[in-house]
Amino acid sequence: MQRRIYLETYGCQMNVADSELMLGQLHRAGYERTEEAADADVILLNTCAIREHAEQRIYGRLGELTRHKVRRPGVLLGVAGCMAQHLKTRLLEKVPAVDLVVGPDGYRDLPALLDGARDEPTLAVRLSRDETYGDLAPARADGVRAWVSIMRGCDKFCAFCIVPFVRGRERSLPLEEVLRQVEHAGAEGFKEIVFLGQTVNAYRDGEDDFASLLRRADAVEGIARIRFTSPHPSDFTDRTLEALADCRKVMPHVHLPLQSGSNRVLDRMRRIYTIEEYEELVARLRAAVPGLALSTDIIVGFPGETEDDFEATRDAMRRVGYDSAFLFKYSPRPGARSAEWDDDVPDAEKTRRITILIEEQKQASLDRNAAVVGQDVEVLVEGPSKRNPEHWFGKCRRFKTTIFPRRNEAVGDLVTIRIAAASPYTLFGEGVPSSLRAMEDATP
Ligand code: SAH
Ligand code: SF4
Ligand code: F3S
């Protein structure tokens with residue numbers, strides 16, 4: 001009898017890609033996916049550990065899902081991903097209903113691990129130096145966008161970050177395996193490729209670097225657009241900047257995490273760049289790619305962050321002019337270096353700082369989007385808007401969500417849309433009634 005797997009994914013796009021990898025392994029072992037936990041033989045959560053809040057949410061969810069085991073004792077409950085790797089046996093102790101704890105380097109043998117977990121609680125949290133899963137075929141979700149992990153792990157050890165501890169050492173997939181995945185995704189009908197890695201532009205396979213990869217992928221038939229996330233500011237080379245300028249399919253959007261605008265904080269964070277170097281890179285990127293959109297990640301309330309440091313971040317954000325920003329309150333992560341330091345910015349102060357940045361970024365995003373009104377943008381049609389099936393949604397070249405009335409387009413088409421209105425998070429094509437714009441807004 002076919003077994004059914006219910007899978008929930010938390011965290012970043014790398015986890016989304018890992019979930020597709022796990023589903024590929026499980027399909028080959030005879031599992032089919034179900035959208036209902038109540039129907040499942042195996043319930044699996046692919047988890048994140050980046051901030052404490054992420055783990056709290058998952059504990060809550062595990063509590064809820066435990067009831068399926070109470071009702072149907074044969075059901076297996078598994079925890080995969082970064083929180084599994086972070087907590088290891090502690091997860092089995094804290095949530096006794098869990099049958100399997102499997103870290104990011106244990107997915108190749110997932111079906112066998114599940115079989116073993118039927119007999120006794122199982123732990124598979126050994127990190128690998130060379131596992132890349134490059135030879136495995138992921139079961140990609142339907143859509144226009146294919147996620148392709150090109151490297152795993154991270155060697156940067158930023159002081160606040162748990163990723164190097166839960167994902168292990170940096171390693172890249174062989175270039176030919178990446179290209180095979182791109183070609184395969186193109187043949188399956190995907191129009192856009194997103195290359196993934198924690199420091200994606202540190203990609204290397206012998207003599208080939210991220211620039212070689214972009215150039216080779218740019219030549220693959222069927223693929224219309226290429227994106228990548230997240231590059232590290234210190235890993236951009238001239239070769240990569242030239243590739244960004246030359247490759248027609250590489251889209252004019254770079255997510256460039258800043259974290260802080262204060263050199264004192266950047267140094268303590270071990271980000272290995274100064275704000276001056278970062279801004280010089282921004283200038284070179286903008287020169288290489290006209291009309292480039294930039295987004296970023298910022299942390300407020302890092303240990304020792306003074307009012308002056310915060311103001312430096314605020315100023316830097318103004319000077320750079322981001323199209324969007326993910327803003328986080330610092331969260332100490334046991335294991336990471338800064339967890340040993342006093343978390344001395346009170347939560348109320350973190351809230352005050354993040355609120356200021358949210359408001360200022362909202363206005364900056366609105367200003368930048370308003371500048372597009374009256375222009376034509378190229379949109380890759382992703383599907384009907386969730387809020388109103390008479391509208392399509394998709395992303396423009398600069399990765400802004402765009403909503404427009406459905407005509408006779410199909411999902412996967414590239415269409416030209418005249419922008420009539422804008423909010424901080426969304427562009428609206430002509431013909432979207434103003435009364436519906438607020439409802440359609442893709443507020444994060
Ligand atoms: N590899 C990427 C970031 C991955 S984590 C990079 O180097 O930029 C995504 C974001 O989460 C980070 O950019 C950072 O802004 C945030 N983050 C990571 N650890 C955090 C922590 N301990 N507290 C708050 N935010 C954190
Ligand atoms: Fe974390 Fe820094 Fe690595 Fe990004 S580069 S994953 S922030 S350690
Ligand atoms: Fe979270 Fe792991 Fe990604 S900690 S952000 S899921 S790499």
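Computed from a prediction, not measured in an experiment: that's the story for all the values here. Computation of the quantities below employed the complete heavy-atom set of this structure, encompassing side-chain atoms and omitting hydrogens, waters and symmetry-equivalent molecules. Each ligand, and each atom within it, is numbered from 1 in the order the structure gives.
Using modelled atom types, one finds a donor on one side chain and an acceptor on the other under 3.5 Å when comparing Ser295 with His253. With no hydrogens or angles considered, no side-chain donor-acceptor pair links Glu131 and Tyr133 at under 3.5 Å.
When non-hydrogen atoms are compared, ligand 2 lies under 4.0 Å from the side chain of Phe160 (C-beta onward) but not from its backbone. Neither the backbone nor the side chain of Met83 comes within 4.0 Å of ligand 3, counting heavy atoms alone. Contacts between Pro164 and ligand 2, counted as non-hydrogen atom pairs separated by less than 4.0 Å, involve the side chain only. The proximity of Cys154 to ligand 2, defined as any non-hydrogen pair under 4.0 Å, is limited to the side chain.
Set against the non-hydrogen atoms of Phe157, the atoms of ligand 2 under 4.0 Å away are 8 (S). Below 4.0 Å from some heavy atom of Tyr330 lie the following atoms of ligand 1, by number and element: 23 (N), 24 (C).
Protein heavy atom in closest approach to atom 2 (Fe) of ligand 3: Cys82 SG, 2.2 Å. Of the protein's non-hydrogen atoms, Arg51 NH1, 3.4 Å is the one closest to atom 26 (C) of ligand 1. Of the protein's heavy atoms, Gln198 OE1, 3.2 Å lies nearest to atom 4 (C) of ligand 1. Scanning the protein for heavy atoms near atom 22 (N) of ligand 1, the closest one is Ser331 O, 2.7 Å. Nearest to atom 7 (O) of ligand 1 among the protein's heavy atoms is Arg271 NH1, 3.2 Å. Atom 14 (C) of ligand 1 has Gln259 OE1, 3.4 Å as its closest protein atom, hydrogens excluded (heavy atom only). Protein heavy atom closest to atom 9 (C) of ligand 1, with residue, atom name and distance, is Asp297 OD2, 3.7 Å.
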Is there a salt bridge (Lys or Arg N to Asp or Glu O under 4.0 Å) between Arg3 and Asp115? Walk through the geometry before answering. CA-CA 12 Å; Arg3 286 174 295 184; Asp115 288 342; 3.2 Å; yes

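Residue Gln198 places a heavy atom less than 4.0 Å from ligand 3. Using a 4.0 Å cutoff on heavy atoms, Met14 does not count as a contact of ligand 3.
Among Gln259, Arg271, Met269, the residue whose heavy atom lies nearest to atom 4 (Fe) of ligand 2 is Arg271.
Taking 2.8 Å as the threshold, Cys161 counts as a candidate ligand of atom 1 (Fe) of ligand 2, since one of its N, O or S atoms lies below it.
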